[in-house]
Amino acid sequence: QVQLVESGGGLVQAGGSLRLSCAASESIFNFYVMGWYRQAPGKQRELVAAITGGSRTNYADSVKGRFTISRDNAKNTVYLQMNSLKPEDTAVYYCNAKRGSIDFLVGNYWGQGTQVTVSS
């Protein structure tokens, strides 16, 4: 019964910034990795950024240097700070959490998505 609730999406001009939030219904220590995915119209869902329980991070090449994933364990929340936004970043952004370990996936959970639109 894990719930992930995204917020912070919206319309922004190219070059602007947004911060997405993903609030989990339970301690994010329960997930070995959390991340942000995005899906643009006509394209497959892709991983944007991920953060492990050990605070290791990975980013898609297209967002490296512009996006930062972070977490606040006390607030059960993961953030995606998006700077220098480009029209190509326009997509629905989904929060994801995985329970278990890298070797054995116990659960895989998704938020409802939040729309990010970047105008040129």
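Numbers here are sequence positions counted from 1.
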dist Leu85:CG -> Ser119:OG (nearest 0.5 Å) comes out at 10.0 Å

What one should report as the nearest heavy-atom pair of Ala14 and Pro87 is CB-CD, 4.1 Å

Can you tell me if Thr77 uses its side chain to pair, donor with acceptor, with the backbone of Lys75 under 3.5 Å?
yes

**Item:** Hydrophobic cluster identity match, Val92 and Tyr109, side-chain contacts under 4.5 Å
**Value:** no

Residues 19-29 vs side chain to side chain donor-acceptor pair (under 3.5 Å), sequence neighbours excluded, gives Glu26-Asn30, Glu26-Arg99

Applied to residues 108-119, the salt bridge (charged side-chain N to carboxylate O under 4.0 Å, His left out) test, sequence neighbours excluded, yields none

For residues 34-79, the ring pair (Phe, Tyr, Trp, His ring centres under 6.0 Å) pairs (sequence neighbours left out) are Tyr37-Trp110

To the nearest 0.5 Å, atom CG of Leu47 lies from atom CG of Asn58 at 7.5 Å

side-chain contact (heavy atoms from CB on, under 4.5 Å) filter on Val116, not counting sequence neighbours, yields Leu18, Leu20, Met82, Tyr93, Val118

Looking only at heavy atoms, the pair that brings Tyr94 and Gly111 closest together is CD2-O, 3.7 Å

Distance col, row Cys22:SG vs Arg71:CZ, nearest 0.5 angstrom, shows 13.0 Å

Shortest non-hydrogen pair, Ser17 vs Asn83, comes out as OG-OD1, 2.9 Å

Consider only side-chain N and O atoms of Gln115 and Thr117, and report whether a donor and an acceptor are under 3.5 Å apart. yes

**Prompt:** Shared ILVMFWY cluster between Leu4 and Val33, side chains joined below 4.5 angstrom?
**Reply:** no

So the salt bridge (charged side-chain N to carboxylate O under 4.0 Å, His left out) pairs with at least one residue in residues 46-68 (sequence neighbours excluded) are Arg38-Glu46, Asp61-Lys64, Arg66-Asp89

Taking every heavy atom of Asn73 against every heavy atom of Ile28, the minimum-distance pair comes out as OD1-CD1, 3.1 Å

When rounded to the nearest 0.5 Å, the distance separating CE of Met34 from CG of Leu80 is 12.0 Å

Applying side-chain contact (heavy atoms from CB on, under 4.5 Å) to Tyr32 and not counting sequence neighbours gives Lys98, Ile102, Leu105

